[in-house]
Amino acid sequence: MNIILFGPPGAGKGTQAEFIVNRFNVVQLSTGDMLRAAVAQGTELGRKAKAVMDAGELVDDAIILGIIGDRIGEPDCACGFILDGFPRTLPQAEGLDRMLAEKGLGLDAVIEVRVPDSELFARIEKRAAETGGARADDNAETLKKRLEVYHSQTAPVLPYYQEKGMLKTVDGLQAIDAVTAEIMKLLEG
Ligand code: ADP
């Protein structure tokens, strides 16, 4: 099973991805985690990405497509994967379709976790407080930019999947286990 988990920063994609990974034995591919790992390792990619991420902007599509293209070709992805934080632009969605077609793969579902902006601010502030600001982009100012970028560049990806009849939306304001239950029902149904 190959799934996209879609939603704004702070929607709970990472939390839900973990449940899906355990239930369906797929691997979680989070471009945010991959980029943070590159930053932590101080690779050339990490050095390039850091400033962009700290500003709440998006890393270049070609770079992201390269990372994902390499990753989905690895053996552990053969049982399926859940994409978290990717695709984030229309060119990324189109690039993903091309890469999947080349590998003879397809997508089973695109699940949007919908949460209003006002709630996202509250959640990110809480996460920043709980983690002692471990993520440089978890602050009100950068979040504002991340949400702007989400609405202008990422949300336009939704109609792309809607037209393909693949989009399913869940209400991310519910309790975590209620969101999980809804996602499981969609994926099992
Ligand atoms: P969020 O919590 O905002 O969903 P992520 O952990 O997914 O954030 O990503 C953090 C940052 O990494 C983003 O703000 C962006 O700069 C960069 N990033 C992650 N995934 C992508 C992507 N698919 N395309 C471009 N930039 C990305």
Side-chain angles (χ1 to χ4, degrees), residues 2-18 20-21 27-72 81-100 107 110-131 133-158 160-161 170 172 176 179:
N2 303 324
I3 315 157
I4 294 176
L5 207 51
F6 201 94
K13 299 186 296 287
T15 305
Q16 296 300 331
E18 231 175 273
I20 300 172
V21 163
V27 291
Q28 178 190 359
L29 305 181
S30 158
T31 43
D33 285 350
M34 292 175 196
L35 292 170
R36 279 186 289 277
V39 171
Q41 284 160 15
T43 63
E44 199 197 331
L45 163 67
R47 280 197 300 276
K48 275 194 210 155
K50 187 175 186 328
V52 178
M53 292 169 74
D54 287 353
E57 309 266 2
L58 293 182
V59 174
D60 186 72
D61 286 335
I63 293 176
I64 297 288
L65 282 166
I67 299 176
I68 284 287
D70 290 344
R71 189 64 188 88
I72 59 177
F81 47 80
I82 168 156
L83 295 165
D84 158 11
F86 171 90
R88 238 175 169 99
T89 64
L90 216 40
Q92 288 183 17
E94 290 161 353
L96 173 65
D97 273 348
R98 278 194 304 274
M99 291 187 315
L100 291 174
L107 288 171
V110 178
I111 295 177
E112 177 200 5
V113 183
R114 194 177 286 173
V115 178
D117 287 7
S118 54
E119 168 72 9
L120 298 170
F121 274 101
R123 289 187 186 182
I124 299 275
E125 268 168 22
K126 190 161 165 261
R127 181 163 80 185
E130 281 168 2
T131 60
R135 266 184 65 166
D137 59 350
D138 271 355
N139 58 73
E141 195 191 323
T142 308
L143 177 64
K144 195 160 167 274
K145 182 68 195 174
R146 282 154 69 196
L147 287 177
E148 266 173 42
V149 168
Y150 177 78
H151 290 297
S152 63
Q153 300 187 56
T154 305
V157 175
L158 289 170
Y160 179 81
Y161 291 113
V170 302
I176 291 177
V179 177

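Atoms within a ligand are numbered from 1 in the order they appear, just like the ligands themselves. Below, each value reflects all heavy atoms present in this structure, side chains not excepted, and no hydrogens, waters or symmetry copies.
With respect to D117 and K144, no salt bridge is recorded, no charged nitrogen being found less than 4.0 Å from a carboxylate O. Salt bridge status for K145 with E148: present, with a side-chain N to carboxylate O gap under 4.0 Å.
The side-chain heavy atoms of I124 and T142, taken from C-beta on, include no pair separated by under 4.5 Å. Taking the side chain as every heavy atom from C-beta outward, F86 and L29 never approach each other to under 4.5 Å.
For ligand 1, the 4.0 Å heavy-atom shell contains residues P9, K13, T31, G32, L35, R36, M53, E57, L58, V59, I64, G85, F86, R88, Q92, R127, R135, D137, R146.
By the neighbour-count criterion of 12 heavy atoms within 6.0 Å, atom CD of E119 is densely surrounded, having more than that number from other residues, nucleotides or ligands.
Listed by first then second residue, pairs satisfying salt bridge (Lys or Arg N to Asp or Glu O under 4.0 Å) with a partner in residues 84-98 read D97-K164, not counting sequence neighbours.
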